[in-house]
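Quick caveat: nothing in here was measured; it's all calculated off a predicted structure.
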There are 2 protein chains.
Amino acid sequence: MSPQQYDLAHALSRLLGVALAAEEPVLAAHDLQMWDYAVLSALEQGPVGAQAELAALVRRDKTRLIPILDRLEAAGLLRRSVDPADRRNRVVELTASGRQRVTACRADIRAGERRLLAALPPEDATVFVRVLDRLAGDLPDPARASG
Amino acid sequence: MSPQQYDLAHALSRLLGVALAAEEPVLAAHDLQMWDYAVLSALEQGPVGAQAELAALVRRDKTRLIPILDRLEAAGLLRRSVDPADRRNRVVELTASGRQRVTACRADIRAGERRLLAALPPEDATVFVRVLDRLAGDLPDPARASG
DNA sequence: TATTGTTATACTCTATAACTATA
DNA sequence: TATAGTTATAGAGTATAACAATA
(Lines give C-alpha, C1' and ligand atoms only; values in the text may rest on other atoms or scores of the structure.)
Protein backbone atom coordinates (compact mmCIF):
# COMPACT_ATOMS: atom_id res chain seq x y z
CA MET A 1 0.00 0.00 0.00
CA SER A 2 2.56 2.53 -1.08
CA PRO A 3 1.61 6.21 -1.04
CA GLN A 4 2.40 6.29 -4.74
CA GLN A 5 0.38 4.30 -7.23
CA TYR A 6 -0.30 0.88 -5.78
CA ASP A 7 -1.67 -1.16 -8.59
CA LEU A 8 -3.62 0.84 -11.09
CA ALA A 9 -5.49 -2.04 -12.67
CA HIS A 10 -6.32 -3.48 -9.27
CA ALA A 11 -7.78 -0.24 -7.96
CA LEU A 12 -9.62 0.46 -11.21
CA SER A 13 -11.11 -2.99 -11.19
CA ARG A 14 -12.44 -2.54 -7.68
CA LEU A 15 -13.82 0.91 -8.36
CA LEU A 16 -15.46 -0.33 -11.53
CA GLY A 17 -17.08 -3.03 -9.45
CA VAL A 18 -18.43 -0.41 -7.10
CA ALA A 19 -19.71 1.73 -9.95
CA LEU A 20 -21.37 -1.18 -11.72
CA ALA A 21 -22.98 -2.40 -8.53
CA ALA A 22 -24.38 1.06 -8.01
CA GLU A 23 -25.70 1.24 -11.56
CA GLU A 24 -27.36 -2.13 -11.56
CA PRO A 25 -30.42 -1.36 -9.44
CA VAL A 26 -30.92 1.91 -11.31
CA LEU A 27 -30.91 0.11 -14.64
CA ALA A 28 -33.25 -2.54 -13.27
CA ALA A 29 -35.64 0.18 -12.12
CA HIS A 30 -35.82 1.30 -15.73
CA ASP A 31 -36.09 -2.29 -16.95
CA LEU A 32 -32.79 -2.07 -18.80
CA GLN A 33 -29.68 -4.19 -18.84
CA MET A 34 -26.16 -2.84 -18.99
CA TRP A 35 -25.76 -3.18 -22.72
CA ASP A 36 -29.26 -1.94 -23.42
CA TYR A 37 -28.21 1.31 -21.87
CA ALA A 38 -24.99 1.46 -23.86
CA VAL A 39 -26.84 0.84 -27.12
CA LEU A 40 -29.62 3.33 -26.44
CA SER A 41 -27.02 5.91 -25.43
CA ALA A 42 -25.11 5.39 -28.64
CA LEU A 43 -28.29 6.09 -30.60
CA GLU A 44 -29.15 9.24 -28.70
CA GLN A 45 -27.30 11.54 -31.07
CA GLY A 46 -29.19 10.20 -34.06
CA PRO A 47 -29.77 7.15 -36.28
CA VAL A 48 -26.88 4.84 -37.12
CA GLY A 49 -26.57 3.68 -40.69
CA ALA A 50 -25.70 0.04 -40.05
CA GLN A 51 -25.61 -2.44 -37.21
CA ALA A 52 -21.91 -3.01 -37.70
CA GLU A 53 -21.35 0.69 -37.19
CA LEU A 54 -23.40 0.60 -34.02
CA ALA A 55 -21.41 -2.41 -32.83
CA ALA A 56 -18.20 -0.44 -33.29
CA LEU A 57 -19.67 2.47 -31.35
CA VAL A 58 -20.44 0.35 -28.30
CA ARG A 59 -17.30 -1.74 -28.82
CA ARG A 60 -19.12 -5.01 -29.08
CA ASP A 61 -19.12 -7.74 -31.68
CA LYS A 62 -21.90 -7.39 -34.22
CA THR A 63 -23.10 -10.92 -33.52
CA ARG A 64 -23.44 -10.26 -29.81
CA LEU A 65 -25.35 -7.09 -30.57
CA ILE A 66 -28.19 -8.87 -32.33
CA PRO A 67 -30.04 -10.39 -29.35
CA ILE A 68 -29.84 -7.00 -27.66
CA LEU A 69 -31.32 -5.24 -30.68
CA ASP A 70 -34.00 -7.91 -30.94
CA ARG A 71 -35.02 -7.33 -27.36
CA LEU A 72 -34.93 -3.55 -27.56
CA GLU A 73 -36.91 -3.56 -30.79
CA ALA A 74 -39.49 -5.93 -29.34
CA ALA A 75 -39.77 -3.57 -26.36
CA GLY A 76 -40.44 -0.71 -28.77
CA LEU A 77 -37.36 1.24 -27.74
CA LEU A 78 -35.67 1.28 -31.13
CA ARG A 79 -36.47 0.59 -34.76
CA ARG A 80 -34.55 -1.28 -37.45
CA SER A 81 -35.27 -0.49 -41.09
CA VAL A 82 -33.62 -1.43 -44.36
CA ASP A 83 -31.56 1.29 -45.97
CA PRO A 84 -33.08 1.88 -49.44
CA ALA A 85 -29.70 2.98 -50.78
CA ASP A 86 -28.14 -0.36 -49.83
CA ARG A 87 -30.65 -2.95 -48.83
CA ARG A 88 -28.03 -4.96 -46.92
CA ASN A 89 -27.82 -2.29 -44.24
CA ARG A 90 -30.21 -1.82 -41.35
CA VAL A 91 -30.48 1.72 -40.08
CA VAL A 92 -31.12 1.75 -36.35
CA GLU A 93 -32.78 4.59 -34.49
CA LEU A 94 -34.47 5.34 -31.20
CA THR A 95 -38.22 5.48 -30.93
CA ALA A 96 -39.76 8.26 -28.86
CA SER A 97 -40.23 5.73 -26.10
CA GLY A 98 -36.60 4.69 -26.30
CA ARG A 99 -35.37 8.24 -26.13
CA GLN A 100 -37.55 8.92 -23.13
CA ARG A 101 -36.33 5.75 -21.40
CA VAL A 102 -32.63 6.42 -21.85
CA THR A 103 -32.99 10.05 -20.83
CA ALA A 104 -34.73 9.14 -17.61
CA CYS A 105 -32.28 6.35 -16.86
CA ARG A 106 -29.28 8.54 -17.47
CA ALA A 107 -30.60 11.17 -15.08
CA ASP A 108 -30.82 8.58 -12.32
CA ILE A 109 -27.40 7.15 -13.08
CA ARG A 110 -25.82 10.59 -12.99
CA ALA A 111 -27.50 11.30 -9.69
CA GLY A 112 -25.93 8.14 -8.30
CA GLU A 113 -22.53 9.20 -9.57
CA ARG A 114 -22.88 12.57 -7.97
CA ARG A 115 -23.68 10.84 -4.68
CA LEU A 116 -20.56 8.71 -5.00
CA LEU A 117 -18.34 11.68 -5.78
CA ALA A 118 -19.96 13.85 -3.14
CA ALA A 119 -17.85 12.06 -0.55
CA LEU A 120 -14.81 13.82 -2.01
CA PRO A 121 -13.54 17.36 -1.76
CA PRO A 122 -15.12 19.12 -4.75
CA GLU A 123 -11.85 19.98 -6.46
CA ASP A 124 -10.67 16.39 -6.08
CA ALA A 125 -13.80 15.16 -7.80
CA THR A 126 -13.32 17.62 -10.62
CA VAL A 127 -9.73 16.59 -11.19
CA PHE A 128 -10.60 12.92 -10.93
CA VAL A 129 -13.33 13.03 -13.55
CA ARG A 130 -11.25 15.16 -15.87
CA VAL A 131 -8.24 12.85 -15.64
CA LEU A 132 -10.42 9.79 -15.96
CA ASP A 133 -11.96 11.05 -19.16
CA ARG A 134 -8.57 11.95 -20.54
CA LEU A 135 -6.94 8.64 -19.70
CA ALA A 136 -9.91 6.68 -20.95
CA GLY A 137 -9.51 8.44 -24.27
CA ASP A 138 -13.14 9.39 -24.22
CA LEU A 139 -13.15 11.27 -27.45
CA PRO A 140 -16.38 12.74 -28.84
CA ASP A 141 -17.37 9.68 -30.83
CA PRO A 142 -14.59 9.45 -33.42
CA ALA A 143 -16.72 7.20 -35.62
CA ARG A 144 -19.33 9.89 -36.15
CA ALA A 145 -17.53 13.16 -35.58
CA SER A 146 -19.95 14.87 -37.95
CA GLY A 147 -22.33 15.63 -35.07
CA MET B 1 -19.87 14.33 -23.39
CA SER B 2 -20.84 16.75 -20.66
CA PRO B 3 -18.07 18.65 -18.90
CA GLN B 4 -19.34 17.09 -15.66
CA GLN B 5 -19.09 13.37 -15.09
CA TYR B 6 -20.07 11.62 -18.28
CA ASP B 7 -20.60 8.01 -17.36
CA LEU B 8 -18.35 6.85 -14.60
CA ALA B 9 -18.65 3.12 -15.23
CA HIS B 10 -18.14 3.63 -18.94
CA ALA B 11 -14.97 5.65 -18.50
CA LEU B 12 -13.66 3.32 -15.81
CA SER B 13 -14.27 0.31 -17.99
CA ARG B 14 -12.31 1.82 -20.84
CA LEU B 15 -9.44 2.90 -18.65
CA LEU B 16 -9.32 -0.51 -17.03
CA GLY B 17 -9.08 -1.97 -20.50
CA VAL B 18 -6.12 0.27 -21.23
CA ALA B 19 -4.43 -0.61 -17.95
CA LEU B 20 -4.96 -4.35 -18.39
CA ALA B 21 -3.71 -4.25 -21.95
CA ALA B 22 -0.59 -2.49 -20.72
CA GLU B 23 -0.05 -5.03 -17.96
CA GLU B 24 -0.51 -8.09 -20.09
CA PRO B 25 2.82 -8.09 -21.96
CA VAL B 26 4.65 -7.28 -18.72
CA LEU B 27 3.07 -10.26 -16.99
CA ALA B 28 3.82 -12.45 -19.97
CA ALA B 29 7.45 -11.38 -19.86
CA HIS B 30 7.55 -12.74 -16.32
CA ASP B 31 5.63 -15.85 -17.35
CA LEU B 32 2.70 -14.94 -15.12
CA GLN B 33 -1.02 -14.65 -15.69
CA MET B 34 -3.21 -11.96 -14.20
CA TRP B 35 -4.43 -14.03 -11.26
CA ASP B 36 -0.99 -15.50 -10.64
CA TYR B 37 0.19 -12.00 -9.94
CA ALA B 38 -2.75 -11.26 -7.65
CA VAL B 39 -2.14 -14.44 -5.66
CA LEU B 40 1.60 -13.96 -5.35
CA SER B 41 1.05 -10.35 -4.31
CA ALA B 42 -1.37 -11.41 -1.62
CA LEU B 43 1.25 -13.75 -0.22
CA GLU B 44 4.01 -11.17 -0.20
CA GLN B 45 3.32 -9.99 3.32
CA GLY B 46 3.58 -13.50 4.72
CA PRO B 47 2.03 -16.99 4.75
CA VAL B 48 -1.76 -17.36 4.67
CA GLY B 49 -3.28 -19.90 7.02
CA ALA B 50 -5.84 -21.40 4.66
CA GLN B 51 -6.75 -21.37 1.00
CA ALA B 52 -10.19 -20.00 1.75
CA GLU B 53 -8.57 -17.06 3.46
CA LEU B 54 -6.35 -16.50 0.44
CA ALA B 55 -9.40 -16.71 -1.80
CA ALA B 56 -11.06 -13.97 0.23
CA LEU B 57 -7.93 -11.83 -0.03
CA VAL B 58 -7.89 -11.94 -3.82
CA ARG B 59 -11.70 -11.86 -3.98
CA ARG B 60 -12.02 -15.08 -5.86
CA ASP B 61 -13.96 -18.25 -5.23
CA LYS B 62 -11.92 -20.92 -3.47
CA THR B 63 -12.74 -23.45 -6.19
CA ARG B 64 -11.43 -21.18 -8.91
CA LEU B 65 -8.28 -20.61 -6.93
CA ILE B 66 -7.23 -24.23 -6.96
CA PRO B 67 -5.98 -24.59 -10.55
CA ILE B 68 -4.01 -21.38 -10.05
CA LEU B 69 -2.38 -22.70 -6.89
CA ASP B 70 -1.67 -25.99 -8.63
CA ARG B 71 0.12 -24.21 -11.41
CA LEU B 72 2.07 -21.86 -9.17
CA GLU B 73 3.10 -24.69 -6.89
CA ALA B 74 4.20 -26.80 -9.84
CA ALA B 75 6.25 -23.82 -11.02
CA GLY B 76 7.91 -23.67 -7.62
CA LEU B 77 6.62 -20.18 -6.85
CA LEU B 78 4.64 -21.12 -3.75
CA ARG B 79 4.29 -23.97 -1.30
CA ARG B 80 1.22 -25.60 0.23
CA SER B 81 1.56 -27.48 3.51
CA VAL B 82 -0.91 -28.94 5.96
CA ASP B 83 -1.44 -26.96 9.13
CA PRO B 84 -0.51 -29.29 12.00
CA ALA B 85 -2.93 -27.45 14.29
CA ASP B 86 -5.85 -28.22 11.97
CA ARG B 87 -5.02 -30.73 9.30
CA ARG B 88 -7.89 -29.58 7.10
CA ASN B 89 -6.11 -26.30 6.41
CA ARG B 90 -3.38 -25.72 3.89
CA VAL B 91 -1.02 -22.91 4.74
CA VAL B 92 0.20 -21.19 1.58
CA GLU B 93 3.44 -19.26 1.34
CA LEU B 94 5.83 -17.89 -1.24
CA THR B 95 9.05 -19.69 -2.07
CA ALA B 96 12.17 -17.61 -2.50
CA SER B 97 11.70 -17.98 -6.23
CA GLY B 98 8.11 -16.80 -5.98
CA ARG B 99 9.05 -13.75 -3.96
CA GLN B 100 11.74 -12.86 -6.44
CA ARG B 101 9.35 -13.27 -9.34
CA VAL B 102 6.59 -11.11 -7.96
CA THR B 103 9.02 -8.41 -6.87
CA ALA B 104 10.54 -8.16 -10.31
CA CYS B 105 7.16 -8.23 -12.01
CA ARG B 106 5.76 -5.53 -9.75
CA ALA B 107 8.69 -3.26 -10.52
CA ASP B 108 7.99 -3.52 -14.24
CA ILE B 109 4.25 -2.99 -13.78
CA ARG B 110 4.83 0.10 -11.69
CA ALA B 111 7.20 1.44 -14.30
CA GLY B 112 4.45 1.03 -16.88
CA GLU B 113 1.98 2.84 -14.66
CA ARG B 114 4.38 5.70 -14.20
CA ARG B 115 4.71 5.93 -17.96
CA LEU B 116 0.93 6.09 -18.32
CA LEU B 117 0.54 8.77 -15.66
CA ALA B 118 3.54 10.72 -16.91
CA ALA B 119 1.30 12.12 -19.64
CA LEU B 120 -0.52 14.10 -16.95
CA PRO B 121 0.39 17.20 -15.00
CA PRO B 122 2.08 15.84 -11.86
CA GLU B 123 -0.48 17.22 -9.43
CA ASP B 124 -3.31 15.77 -11.49
CA ALA B 125 -1.68 12.35 -11.32
CA THR B 126 -1.27 12.66 -7.57
CA VAL B 127 -4.90 13.60 -7.03
CA PHE B 128 -6.10 10.93 -9.41
CA VAL B 129 -4.26 8.10 -7.69
CA ARG B 130 -5.25 9.31 -4.25
CA VAL B 131 -8.94 9.58 -5.17
CA LEU B 132 -8.84 6.26 -6.97
CA ASP B 133 -7.46 4.51 -3.93
CA ARG B 134 -10.01 6.15 -1.70
CA LEU B 135 -12.99 5.35 -3.89
CA ALA B 136 -11.80 1.82 -4.48
CA GLY B 137 -11.74 1.35 -0.74
CA ASP B 138 -8.22 0.03 -0.94
CA LEU B 139 -7.75 -0.48 2.75
CA PRO B 140 -4.54 -2.02 4.10
CA ASP B 141 -5.74 -5.61 3.94
CA PRO B 142 -8.52 -5.67 6.54
CA ALA B 143 -8.40 -9.45 6.70
CA ARG B 144 -4.89 -9.43 8.07
CA ALA B 145 -4.41 -6.06 9.70
CA SER B 146 -1.88 -7.59 12.08
CA GLY B 147 0.97 -6.87 9.65
C1' DT C 1 -22.59 -32.35 12.14
C1' DA C 2 -19.61 -28.77 10.24
C1' DT C 3 -15.62 -27.26 7.61
C1' DT C 4 -11.39 -27.45 4.23
C1' DG C 5 -9.86 -28.62 0.08
C1' DT C 6 -11.12 -30.90 -4.12
C1' DT C 7 -13.65 -32.52 -8.12
C1' DA C 8 -17.63 -32.58 -11.19
C1' DT C 9 -21.55 -30.50 -13.42
C1' DA C 10 -24.17 -26.93 -15.43
C1' DC C 11 -24.60 -22.31 -17.02
C1' DT C 12 -23.18 -17.90 -19.10
C1' DC C 13 -20.43 -15.32 -21.91
C1' DT C 14 -17.52 -14.93 -25.76
C1' DA C 15 -15.23 -16.03 -30.23
C1' DT C 16 -15.42 -18.13 -34.62
C1' DA C 17 -17.31 -19.91 -38.43
C1' DA C 18 -21.04 -20.89 -41.64
C1' DC C 19 -25.42 -19.25 -44.07
C1' DT C 20 -28.75 -15.82 -46.51
C1' DA C 21 -29.54 -11.65 -48.89
C1' DT C 22 -27.95 -8.11 -51.22
C1' DA C 23 -24.37 -5.69 -53.94
C1' DT D 1 -16.58 -11.79 -55.16
C1' DA D 2 -17.47 -9.23 -51.32
C1' DT D 3 -20.26 -7.32 -47.47
C1' DA D 4 -24.41 -6.85 -43.81
C1' DG D 5 -27.07 -9.31 -41.02
C1' DT D 6 -28.13 -13.68 -38.96
C1' DT D 7 -27.60 -18.23 -37.04
C1' DA D 8 -24.98 -22.12 -35.19
C1' DT D 9 -21.10 -24.21 -33.01
C1' DA D 10 -17.26 -24.45 -29.96
C1' DG D 11 -14.47 -22.59 -26.27
C1' DA D 12 -13.44 -20.00 -21.98
C1' DG D 13 -14.94 -18.41 -17.77
C1' DT D 14 -18.01 -18.74 -13.84
C1' DA D 15 -21.28 -20.58 -10.39
C1' DT D 16 -23.13 -24.39 -7.93
C1' DA D 17 -23.27 -28.71 -6.03
C1' DA D 18 -21.39 -33.04 -4.58
C1' DC D 19 -17.30 -35.63 -2.39
C1' DA D 20 -13.26 -37.06 0.85
C1' DA D 21 -10.62 -35.87 4.84
C1' DT D 22 -10.58 -33.83 9.20
C1' DA D 23 -12.55 -31.64 13.19
side-chain contact (heavy atoms from CB on, under 4.5 Å) partner of B/R60, chosen from B/T63, B/L57, B/V58: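 Of all the options given, the one that passes is B/V58.
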
Residue A/R80, side-chain atoms from C-beta onward, closest of C/dT6, D/dG5, D/dT6: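 The closest nucleotide is D/dT6.
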
Shortest side-chain distance from A/Q51, nucleotide among D/dA4, D/dT6, C/dG5: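 Looking only at heavy atoms from C-beta outward on A/Q51, the closest nucleotide is D/dT6.
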
Co-membership, hydrophobic cluster, residues B/L72 and B/I66, 4.5 Å side-chain: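 Looking at the clustering, B/I66 is in a separate group from B/L72.
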
Distance in angstrom units between A/N89 CG and D/dG5 C1', rounded: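 It is 9 Å, rounded to the nearest whole Å.
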
Interatomic distance where CD1 belongs to B/I66 and P belongs to C/dT7 [whole Å]: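 Answer to the nearest Å: 7 Å.
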
Specify the closest pair of heavy atoms between [X] and [Y], including all atoms of both residues, with the distance to one decimal.
X     : Y     : result
B/T95 : B/G76 : OG1-O, 2.6 Å
B/V91 : B/P47 : CG2-CB, 4.0 Å
B/W35 : B/R59 : CH2-O, 4.4 Å

Inter-end axis angle, the helix from C/dT1-D/dA23 to C/dA23-D/dT1, with every axis fitted to five base pairs (rounded, 10 degrees):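 End-to-end axis angle: 20°.
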
B/S/- contact track for nucleotides 10-23 of chain C, protein heavy atom under 4.0 Å: ----SSBB----BS

Pairs under 3.5 angstrom only: tabulate donor-acceptor contacts from the side chains of residues 24-32 of chain A to other protein residues two or more places apart or in another chain.
| from | atom 1 | to | atom 2 | distance (Å) |
| --- | --- | --- | --- | --- |
| A/H30 | NE2 | A/D108 | OD2 | 2.8 |

Interface with DNA chain C, restricted to residues 17-32 of chain A and to heavy atoms under 4.0 Å: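 Residues of residues 17-32 of chain A that come under 4.0 Å of DNA chain C do not exist, since none gets that close.
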
Working for salt bridge (charged side-chain N to carboxylate O under 4.0 Å, His left out), residues B/D124 and A/R134: CA-CA 11 Å; B/D124 277 13; A/R134 167 155 178 201; over 6 Å; no

Pairs involving residues 73-83 of chain B, ordered by first then second residue, that meet side-chain hydrogen bond (donor to acceptor under 3.5 Å, both in side chains) (sequence neighbours left out):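 Output for this query lists B/Q51-B/R80, B/D70-B/R80, B/E73-B/R80.
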
Pair B/D36 + B/R101, salt bridge at N-O below 4.0 Å: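 Not counted as a salt bridge, because no side-chain N and carboxylate O are separated by less than 4.0 Å.
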
Pair listing, ring pair (Phe, Tyr, Trp, His ring centres under 6.0 Å) test, anchored in residues 75-97 of chain A, at least two apart: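 Residue pairs passing ring pair (Phe, Tyr, Trp, His ring centres under 6.0 Å), neighbours aside: none found.
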
